[in-house]
**Q** 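Let me give you the structure first, and then I'll get to my questions.
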Amino acid sequence: MKNITILGAGVMGHGAAQLFAQAGKNVHIRARRESSLEKARELITDSLKIMVEKEILTENEMEQTLGRITYTTDLHEAIQDADFILESIPEDLEKKLDTYDIIESVVSDKTIISSNTSTFPIKELTQRAKHPERFIITHFFNPPQLVPIVEIVKVDDTSEDVVNTTYDIMKEIGKSPVVLKKEITGFIVNRVQVAMLREAFNLMEKGVATAEDIDVAMKGSLGFKWAFCGPMESQDLAGLQTTQAMVGNILQDLSNTREVPSFLSEMVENDQLGIRTNEGFYNYDDNGENAIHTRDDNFLELQKLSQEK
Ligand SMILES: NC(=O)C1=CN([C@@H]2O[C@H](COP(=O)(O)OP(=O)(O)OC[C@H]3O[C@@H](n4cnc5c(N)ncnc54)[C@H](O)[C@@H]3O)[C@@H](O)[C@H]2O)C=CC1
Ligand SMILES: O=C(O)[C@@H](O)C(=O)[C@H](O)[C@@H](O)CO
């Protein structure tokens with residue numbers, strides 16, 4: 001599995017291209033616009049430079065990594081020799097299905113087609129597929145070149161060889177794959193994250209806390225703890241009688257909405273999209289360049305610490 005193709009050069013695609021290239025793979029990354037590819041190239045270079053600054057990579061390793069990445073707007077060129085394709089285009093089912101139609105008309109039956117989807121079950125992704133058995137979900141986390149976990153989601157139709165090969169590739173590129181036993185919308189992490197976000201948005205709508213208050217509170221508590229002690233282990237350490245009381249006392253008071261909060265929809269409608277538009281829960285003046293640099297710097301320190309453990 002030497003030839004990797006990343007479709008989409010956005011938040012996830014560029015980081016995935018860097019990840020595979022750092023692991024020695026030949027990478028083609030494809031976006032429809034040269035400007036997206038140029039932005040991806042800048043972000044990958046910046047990320048690698050931080051790793052060189054922190055002596056995680058040498059200059060030579062950075063240059064070798066950059067040399068393994070081919071940027072193209074030509075979809076056929078990007079996929080024709082691919083062994084493994086990571087689709088990382090927007091979370092839009094029709095766009096994904098249209099892309100898979102094209103892929104399957106070009107690539108060999110042996111090519112593994114994976115999606116970085118945050119939510120869609122494979123059954124939905126493969127509803128038009130000629131060879132559904134070679135589709136799999138590899139859900140990376142932002143930024144994919146740094147966050148250890150990747151969720152692998154399969155169904156009974158998924159070829160065992162595809163699952164095993166995908167698992168092995170994830171280990172080869174330095175990830176910690178978690179294979180779900182059953183597929184479900186949003187998999188493990190995003191279901192937990194959305195349950196948390198539902199409550200966080202509820203607290204904001206009720207005027208209990210601001211977005212910043214919530215970030216400070218969560219980073220310094222569960223964010224701190226969960227880096228080395230997961231939510232279930234934390235309950236063992238707390239005492240499950242207390243867990244039972246906590247869950248029992250709070251559960252009935254939680255938000256049970258099934259709707260995206262109106263303030264979030266209004267933000268998206270008003271182009272308050274986060275670093276992409278310099279306005280989201282926070283304001284930016286550099287499209288998040290400083291925020292990304294600080295994030296990566298901190299994540300690399302955390303990565304070093306967890307690897308020393
Ligand atoms: N943003 C995040 O933090 C995470 C996103 N994901 C998932 O990864 C996938 C990609 O998400 P992002 O990187 O955030 O998206 P993005 O919007 O940042 O990037 C999407 C890329 O796809 C290209 N693109 C847009 N429409 C296209 C089309 N019709 N055909 C081909 N290419 C097209 C864009 O030019 C861009 O390069 C989504 O499925 C998302 O749910 C997964 C984990 C985290
Ligand atoms: O944090 C992440 O990378 C994942 O939870 C995701 O898949 C989500 O898309 C996230 O980035 C947006 O909340």
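Read the numbers this way: they start at 1 and go in the same order the structure lists the ligands and their atoms.
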**Q** Please indicate whether any nitrogen or oxygen in A31 is less than 3.5 Å from any nitrogen or oxygen in ligand 1.
**A** no
**Q** Under 4.0 Å from ligand 1, counting heavy atoms only, is it the side chain of E151, its backbone, both or neither?
**A** neither
**Q** Would you mind telling me if ligand 1 is within reach of the side chain of E87, the backbone, both or neither, using heavy atoms under 4.0 Å?
**A** neither
**Q** On the 0 to 90° scale, with breaks at 30° and 60°, tag the F140-F20 ring pair as parallel, tilted or perpendicular.
**A** perpendicular
**Q** Within 4.0 Å of atom 15 (O) of ligand 1 (strictly less), any protein heavy atom?
**A** no
**Q** Under 4.0 Å from atom 12 (C) of ligand 2, can you find at least one protein heavy atom?
**A** no
**Q** Answer yes or no: does atom NZ of K110 have more than 12 heavy-atom neighbours from other residues, nucleotides or ligands under 6.0 Å?
**A** no
**Q** Within the distance-only criterion (no hydrogens, no angle test), does the side chain of S88 pair as donor or acceptor with the backbone N or O of M12 below 3.5 angstrom?
**A** no
**Q** I'd like to know whether CZ of F224 has more than 12 heavy-atom contacts from other residues, nucleotides or ligands below 6.0 angstrom.
**A** no
**Q** In the protein, which heavy atom is nearest to atom 43 (C) of ligand 1, and how far is it?
**A** F140 O, 3.2 Å
**Q** How far is atom 1 (N) of ligand 1 from the closest protein heavy atom, and which atom is that?
**A** V11 CG1, 3.6 Å
**Q** Measuring from N116:CG to E151:CD, what's the distance to the nearest 0.5 Å?
**A** 10.5 Å
**Q** For atom 10 (C) of ligand 2, which protein heavy atom lies nearest, and how many Å away is it?
**A** Q193 NE2, 4.1 Å
**Q** Do you see a donor-acceptor pair shorter than 3.5 Å between the side chains of S47 and Q18?
**A** yes
**Q** Among side-chain atoms of N190 and Q193, is any donor-acceptor pair under 3.5 angstrom?
**A** yes
**Q** Can you list the atoms of ligand 1 that are under 4.0 Å from a heavy atom of H139?
**A** 42 (C), 43 (C)
**Q** Identify whether F263 and V208 are in the same connected component of the hydrophobic contact network (ILVMFWY, side-chain heavy atoms under 4.5 Å).
**A** yes
**Q** Short list, please: which atoms of ligand 1 are under 4.0 Å from a heavy atom of T117?
**A** 39 (O)
**Q** Please state which protein non-hydrogen atom is closest to atom 5 (O) of ligand 2 and give its distance, to 0.1 Å?
**A** N190 OD1, 2.4 Å
**Q** Could you tell me which atoms of ligand 2, counted from 1 in the order shown, lie closer than 4.0 angstrom to a heavy atom of N142?
**A** 2 (C), 3 (O)
**Q** So, is T99 polar-close to ligand 1, with some N/O to N/O distance under 3.5 Å?
**A** no
**Q** Indicate yes or no for a side-chain donor-acceptor contact from E63 to the backbone of N60 under 3.5 Å, with no hydrogens or angles considered.
**A** no
**Q** Search all heavy atoms of E104 against all heavy atoms of K130 and return the closest pair with its distance.
**A** OE1-N, 2.6 Å
**Q** Quick one: does R33 get an N or O within less than 3.5 Å of an N or O on ligand 1?
**A** no
**Q** Which option out of L75, D98, T119, I89 puts a heavy atom nearest to atom 9 (C) of ligand 1?
**A** I89
**Q** Write out the residue and atom name of the closest protein heavy atom to atom 17 (O) of ligand 1, then the distance separating them to 0.1 Å.
**A** R276 NH2, 3.2 Å
**Q** Checking a contact table here: which protein heavy atom is nearest atom 2 (C) of ligand 2, and how many Å away?
**A** F141 CD2, 3.6 Å
**Q** Identify the protein heavy atom lying closest to atom 35 (O) of ligand 1, giving its residue, its atom name and the separation to 0.1 Å.
**A** S36 OG, 3.7 Å
**Q** Tell me the protein heavy atom at minimum distance from atom 7 (O) of ligand 2, and give that distance in Å.
**A** H139 NE2, 2.7 Å
**Q** At under 4.0 Å between heavy atoms, is it the side chain or the backbone of E91 that contacts ligand 1, or both, or neither?
**A** both
**Q** For atom 24 (N) of ligand 1, what is the closest protein heavy atom, and at what distance to 0.1 Å?
**A** P90 CD, 3.6 Å
**Q** Output the distance between atom CD1 (I79) and atom CG (N3), rounded to the nearest 0.5 Å.
**A** 13.0 Å
**Q** Compare G274, A9, G15 and give the one whose heavy atom is closest to atom 37 (O) of ligand 1.
**A** A9
**Q** Which protein heavy atom lies closest to atom 13 (O) of ligand 1, and at what distance to 0.1 Å?
**A** M12 N, 2.8 Å
**Q** Taking 4.0 angstrom as the limit and counting only heavy atoms of N142, give me the atoms of ligand 1 inside it, by number and element.
**A** 3 (O)
**Q** State plainly whether the residues R128 and D98 are in salt-bridge range, i.e. N to O under 4.0 Å.
**A** yes
**Q** For Q252, I'd like to know if atom CD has over 12 heavy atoms of other residues, nucleotides or ligands within 6.0 Å.
**A** yes
**Q** Just need the protein heavy atom nearest to atom 8 (O) of ligand 1, so name the residue and atom and give the distance.
**A** N116 O, 3.5 Å
**Q** Looking at every non-hydrogen atom in both residues, tell me the closest pair between G288 and N278 and how far apart they are.
**A** N-OD1, 4.2 Å
**Q** Is F141 near ligand 1, meaning one of its heavy atoms is under 4.0 Å from it?
**A** no
**Q** Given K96, R32, E94, identify the one with the heavy atom nearest to atom 28 (C) of ligand 1.
**A** R32
**Q** Where do I275 and N287 come nearest, in terms of heavy atoms and distance?
**A** O-ND2, 2.9 Å
**Q** With respect to G8, determine whether any N or O atom, backbone or side chain, lies less than 3.5 Å from an N or O atom of ligand 1.
**A** no
**Q** Please write down residue, atom name and distance for the protein heavy atom closest to atom 41 (O) of ligand 1.
**A** S118 OG, 2.7 Å
**Q** Any non-hydrogen side-chain atom of F120 less than 4.5 Å from a side-chain atom of S115?
**A** no
**Q** Test I112 against every option in D161, T165, D83, I4 by the side-chain contact (heavy atoms from CB on, under 4.5 Å) rule and name the one that passes.
**A** T165
**Q** Verify the neighbour count for atom CD of E42: are there more than 12 heavy atoms of other residues, nucleotides or ligands below 6.0 Å?
**A** yes
**Q** Report, in ascending order of atom number, the atoms of ligand 1 lying under 4.0 Å from any heavy atom of R30.
**A** 31 (C)
**Q** So which heavy atom in the protein is nearest atom 9 (O) of ligand 2, and how far is it from that ligand atom?
**A** S118 OG, 3.0 Å
